Engineer: 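Dumping the structure here so I can ask a few things about it.
In this text, all values refer to a predicted model and were calculated from it rather than measured experimentally.
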Amino acid sequence: MTPPAPSGPVVLLGCGRLGSAIVEGWLKTGAVAPSDLIILTPSEKPAAEAARARGARINPPWSELGAAGVLVLAVKPAKWRAAFAPLAGTLGAQTRLVSVMAGVPAADIARAGARPVARVMPTTAVAQGRGVAALWSADPEARETARALFSPMADVVDLEAEAQIDAATAVAGSAPAFIYAFVQALADAGRAEGLSDEAARRLARGALRSAGAGVETDETLEALTARIASPGGTTRAGLDAMAAGGDLDRAAASAVAAAVQRARSL
Ligand SMILES: NC(=O)c1ccc[n+]([C@@H]2O[C@H](COP(=O)([O-])OP(=O)(O)OC[C@H]3O[C@@H](n4cnc5c(N)ncnc54)[C@H](OP(=O)(O)O)[C@@H]3O)[C@@H](O)[C@H]2O)c1
């Protein structure tokens with residue numbers, strides 16, 4: 001069951017690529033009512049303007065932040081201290097903190113905000129209400145606050161340790177791009193087998209859409225695969241070729257390891 005949303009306004013600090021997707025998801029799913037939403041953004045953003053048109057407050061006087069139920073940090077890791085420091089003193093004792101920033105340890109934010117924090121790593125598909133989000137916090141209340149904000153628009157996956165966030169980011173946040181790259185390679189392979197550019201592109205994209213429709217069901221990946229790959233058939237031949245020599249496993253492992261390493265060096 002979805003936990004209750006925090007009482008008091010929800011303040012979003014930063015409305016860039018991820019912040020905009022979060023605003024769109026909140027409004028699409030009703031997770032946050034526009035009248036409860038405050039967005040802090042140095043420049044005008046289409047998602048913030050669309051929220052303003054529905055009643056959200058954009059850059060109100062800071063005195064209005066004191067009643068906030070939660071503040072979500074969605075600025076770049078390099079900018080968070082400068083963006084958050086001037087606000088920290090305006091928050092009420094009841095305001096909970098949630099960070100969607102990669103690479104900024106919870107302890108650093110908790111120290112600056114003088115309260116616990118939950119870390120969430122969502123994908124931008126929260127905008128469509130179909131994201132996935134890894135969640136970690138040592139504090140049960142912060143964890144439930146974050147769950148209330150994200151579970152209406154993402155499959156929220158609880159992590160046992162903060163150190164797992166980098167791997168979760170690679171496997172969920174970065175992986176759509178890894179999958180696009182694979183689909184691109186499939187289109188290239190189709191062209192090499194004689195398909196036209198347009199046919200290869202549309203067929204590969206359609207295959208991705210079809211695979212996506214499969215995972216929207218509750219079936220396991222194994223069951224979905226078994227449904228397409230009959231013994232001795234063409235799909236089974238392709239799967240066996242991909243598995244031979246371990247090339248696919250190696251590609252996935254090196255992509256995830258490189259993303260984890262990069263996150264740790266940020
Ligand atoms: N993009 C993703 O898919 C994704 C996924 C998981 C986590 N994240 C994390 O989400 C955070 C944001 O990433 P992003 O991709 O959305 O970056 P982004 O597009 O650069 O957005 C960051 C936003 O922060 C705003 N900002 C800068 N200083 C500010 C301040 N003092 N007050 C309020 N807003 C301020 C910027 O405003 P201006 O545009 O006006 O400069 C910008 O729009 C990062 O920490 C990243 O690690 C992103």
Side-chain angles (χ1 to χ4, degrees), residues 16-29 46-47 100 102 120-135 150-157 165-260 262-263:
R17 281 166 294 185
L18 181 58
S20 292
I22 290 172
V23 167
E24 288 169 13
W26 281 339
L27 298 185
K28 182 182 171 68
T29 61
V100 296
V120 180
M121 277 297 126
T123 58
T124 50
V126 292
Q128 292 81 37
R130 295 166 74 185
V132 60
L135 164 63
F150 284 89
S151 61
M153 56 186 185
D155 180 12
V156 174
V157 179
I165 283 186
D166 296 333
T169 305
V171 171
S174 307
F178 301 159
I179 293 166
Y180 298 148
F182 182 69
V183 171
Q184 188 71 54
L186 284 179
D188 292 345
R191 267 189 288 274
E193 290 290 343
L195 291 173
S196 70
D197 275 2
E198 201 214 337
R201 187 177 49 76
R202 283 178 56 199
L203 288 166
R205 202 181 164 96
L208 178 59
R209 201 164 44 241
S210 304
V215 295
E216 293 292 328
T217 69
D218 281 339
E219 286 194 80
T220 62
L221 294 181
E222 289 78 6
L224 291 166
T225 304
R227 212 193 270 195
I228 310 168
S230 47
T234 57
T235 306
R236 176 48 56 198
L239 286 169
D240 290 347
M242 280 201 305
D247 287 346
L248 184 63
D249 287 345
R250 250 195 310 278
S254 60
V256 169
V260 167
R262 179 81 186 108

Engineer: Is there any salt bridge (Lys or Arg N to Asp or Glu O under 4.0 Å) pair reaching into residues 230-250, and which pairs are they, with sequence neighbours excluded?
Structural biologist: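 Counting only pairs at least two positions apart or across chains, the salt bridge (Lys or Arg N to Asp or Glu O under 4.0 Å) contacts touching residues 230-250 are Arg236-Asp240, Asp247-Arg250.
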Engineer: Give the C-alpha distance, both sets of side-chain angles, the deciding distance and a yes or no for side chain to side chain contact (heavy atoms under 4.5 Å, CB included) between Leu224 and Thr220.
Structural biologist: CA-CA 6 Å; Leu224 291 166; Thr220 62; over 6 Å; no
Engineer: Can you measure from CZ (Arg202) to OG (Ser196) and round to the nearest 0.5 angstrom?
Structural biologist: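 OG of Ser196 is found 9.0 Å from CZ of Arg202.
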Engineer: Kindly indicate whether the side chain of Phe150, heavy atoms from C-beta on, has any atom under 4.5 Å from the side chain of Ile22.
Structural biologist: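 When only atoms from C-beta onward are counted, Ile22 and Phe150 do touch, with a gap below 4.5 Å.
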Engineer: Can you name the nearest heavy-atom pair linking Phe178 to Ala259, along with the distance?
Structural biologist: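 Of all heavy-atom pairs spanning Phe178 and Ala259, the closest is CZ-CB, 4.4 Å.
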Engineer: Does atom CD (Glu216) have a neighbourhood of more than 12 heavy atoms from anything else shown, all under 6.0 Å?
Structural biologist: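 Count over threshold, so yes.
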Engineer: Measure from the side-chain N and O atoms of Ser254 to the backbone N and O of Ala251, and report whether any donor-acceptor pair falls under 3.5 Å.
Structural biologist: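 Judged by distance alone, yes, a pair lies under 3.5 Å.
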Engineer: To the nearest 0.5 Å, what is the distance between CG (Leu195) and CZ (Arg201)?
Structural biologist: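 Output value for this atom pair is 12.5 Å.
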Engineer: Can you tell me if Ser230 uses its side chain to pair, donor with acceptor, with the backbone of Gly233 under 3.5 Å?
Structural biologist: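 Side chain of Ser230 to backbone of Gly233, a donor-acceptor pair under 3.5 Å: no, none is there.
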Engineer: How about Val215 and Leu221: do any of their side-chain heavy atoms sit closer than 4.5 Å?
Structural biologist: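 Heavy-atom side-chain distance check passes, below 4.5 Å.
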Engineer: Provide the closest heavy-atom pair for Ala127 versus Glu24 in the form atom of the first, atom of the second, distance.
Structural biologist: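 Taking every non-hydrogen atom into account, CB-OE1, 3.5 Å.
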Engineer: On a heavy-atom basis, which atom in Ala187 and which in Ala204 lie closest, and how many Å separate them?
Structural biologist: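 Residues Ala187 and Ala204, closest heavy atoms: CB-CB, 3.8 Å.
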Engineer: Supply the atom-to-atom distance Arg205 CZ to Tyr180 OH, rounded to the nearest 0.5 angstrom.
Structural biologist: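 One gets 8.5 Å once the value is rounded to the nearest 0.5 Å.
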Engineer: What pairs meet the salt bridge (Lys or Arg N to Asp or Glu O under 4.0 Å) rule with one or both residues in residues 173-191, with sequence neighbours excluded?
Structural biologist: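 For residues 173-191, and leaving out neighbouring residues, the salt bridge (Lys or Arg N to Asp or Glu O under 4.0 Å) pairs sorted by first residue read Asp188-Arg191, Arg191-Asp197.
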Engineer: Mind checking whether Leu186 and Leu208 have side chains closer than 4.5 Å, heavy atoms only?
Structural biologist: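 Not touching, per the 4.5 Å side-chain cut-off.
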Engineer: Report yes or no: does Thr29 contribute a side-chain atom to a donor-acceptor pair with the main-chain N or O of Met153 at less than 3.5 Å?
Structural biologist: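 Judged by distance alone, no pair lies under 3.5 Å.
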Engineer: Which heavy atom in Met121 sits nearest to a heavy atom in Ile165, and how many Å separate them?
Structural biologist: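 Of all heavy-atom pairs spanning Met121 and Ile165, the closest is CG-CG2, 3.6 Å.
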Engineer: Using every non-hydrogen atom in the two residues, find where Thr123 and Ala172 come nearest and quote the distance to one decimal.
Structural biologist: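 Between these two residues, the closest heavy atoms are CG2-O, 3.7 Å.
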Engineer: Mind checking whether Pro122 and Leu18 have side chains closer than 4.5 Å, heavy atoms only?
Structural biologist: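 They are in side-chain contact.
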Engineer: Nearest heavy-atom pair of Leu239 and Ala229: which atoms, and what distance?
Structural biologist: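 Answer, listing the atom of Leu239 first, then Ala229: CD1-CB, 3.7 Å.
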Engineer: So, do Val132 and Val157 sit near enough that their side-chain heavy atoms are less than 4.5 Å apart?
Structural biologist: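 Val132 reaches Val157 side chain to side chain.
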